[in-house]
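A quick write-up on the structure given underneath.
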Amino acid sequence: QLRLVESGGGLVQTGGSLTLSCTDSGGLTLNYWAIGWFRQAPGKDREGVACISSSDSDNAGDPYYTETMKGRFSIARDVAKNTVYLQMNNLQPEDTALYYCAVSPLVQLAKRCDRTVPSDFGSWGQGTQVTVSS
């Protein structure tokens with residue numbers, strides 16, 4: 001089974017950038033599935049950030065972004081590295097959260113991930129902390 005691992009979090013100043021990475025600790029491919037990024041701040045619900053469609057022979061790996069993330073965050077795959085990235089730019093204190101990646105088993109999202117509903121995803125990683133200082 002997939003065992004997702006997030007990395008790349010840290011402490012940055014307002015306006016800074018980070019790139020988060022999501023891969024499988026056992027080397028199982030992520031490329032068949034939609035992969036989502038989510039975040040959760042203390043005392044708040046888990047919220048969707050972005051997701052990307054599968055990058056297999058039938059699907060093009062199209063991205064989807066929660067409206068508030070558009071323009072600052074970018075999701076991408078490196079198929080050769082079996083890694084999904086979340087590039088975060090112009091970070092703000094309100095971006096401070098534990099960031100998770102997860103996989104969706106839904107074929108419709110593999111074909112075109114067009115939503116980041118947490119219940120559509122599973123195999124959650126342990127999270128990586130992003131802290132943005134003011």
Is it true that W37 and F73 have ring centroids separated by less than 6.0 Å? no

With no hydrogens and no angle check, do the side chains of S134 and T14 hold a donor and an acceptor under 3.5 Å apart? no

Test side chain to side chain contact (heavy atoms under 4.5 Å, CB included) applied to Y99 and Q129, step by step: CA-CA 6 Å; Y99 283 72; Q129 180 67 40; over 6 Å; no

Distance check, rounded to the nearest 0.5 Å: F38 atom CZ versus L86 atom CG? 11.5 Å

Give me the atom names and distance for the closest heavy-atom approach of I75 to P63. CG2-CB, 3.6 Å

Please find the pair of heavy atoms, one from G61 and one from S55, that lie closest to each other, and give the distance. CA-OG, 3.7 Å

Determine, using the 4.5 Å side-chain heavy-atom cutoff (strictly less than), whether L20 and L30 are members of one ILVMFWY cluster. yes

Heavy-atom check, side chain of Y65 versus side chain of T116, under 4.5 Å: no

Could you check whether any side-chain heavy atom of Y100 comes within less than 4.5 Å of a side-chain heavy atom of R39, counting everything from C-beta outward? no

So, do L98 and T128 sit near enough that their side-chain heavy atoms are less than 4.5 Å apart? no

So do the side chains of V5 and Q126 get within less than 4.5 Å of each other, counting heavy atoms only? yes

What's the verdict on side chain to side chain contact (heavy atoms under 4.5 Å, CB included) for R46 and W124, showing C-alpha distance, side-chain angles and the deciding distance? CA-CA 12 Å; R46 189 167 298 185; W124 298 89; 3.3 Å; yes

Does N82 use its side chain to pair, donor to acceptor, with the backbone of L28 at less than 3.5 Å? yes

Side chain proximity check, T83 to Y85, heavy atoms < 4.5 angstrom: yes

Please examine the side chains of R72 and Q92, heavy atoms only from C-beta on, and report whether any two atoms are closer than 4.5 Å. yes

Please determine whether side chain to side chain contact (heavy atoms under 4.5 Å, CB included) holds for the pair R77 and I35, giving the CA-CA distance in whole Å, both sets of side-chain angles, and the decisive distance to 0.1 Å. CA-CA 9 Å; R77 288 186 190 266; I35 303 296; 3.7 Å; yes

Quick one: do S54 and W33 satisfy side chain to side chain contact (heavy atoms under 4.5 Å, CB included)? Show the steps, please. CA-CA 5 Å; S54 66; W33 316 109; 5.7 Å; no

Between the side chains of E47 and K44, is the shortest nitrogen-to-carboxylate-oxygen separation below 4.0 Å, so that they form an ion pair? no

Ignoring hydrogens and geometry, is there a side-chain-to-backbone donor-acceptor pair from T96 to V132 under 3.5 Å? yes

Not counting sequence neighbours, list each pair that qualifies as a disulfide bond (SG atoms under 2.5 Å apart) and has a residue in residues 69-127. C22-C101, C51-C113

Would you check if L109 and D114 make a side-chain contact, meaning some heavy-atom pair closer than 4.5 Å? yes

Answer yes or no: are there more than 12 heavy-atom neighbours, outside Q1 itself, under 6.0 Å from its atom CD? no

Polar side-chain atom of S123 near backbone of A102 as donor-acceptor pair, under 3.5 Å: no

Which heavy-atom pair separates R112 from S53 by the least distance, and what is that distance? CA-OG, 3.2 Å

Are V79 and T29 close enough that some pair of their side-chain heavy atoms sits under 4.5 Å apart? no

Assess the side chains of S17 and N89: does a donor N or O sit below 3.5 Å from an acceptor N or O? yes

Same hydrophobic cluster for L106 and V103, using side-chain heavy-atom links shorter than 4.5 Å among ILVMFWY? no

Distance-only side-chain donor-acceptor flag, T19 / Q87, under 3.5 Å: yes

Salt-bridge test for R3 and D24: reply yes if a basic N is under 4.0 Å from a carboxylate O, no otherwise. no

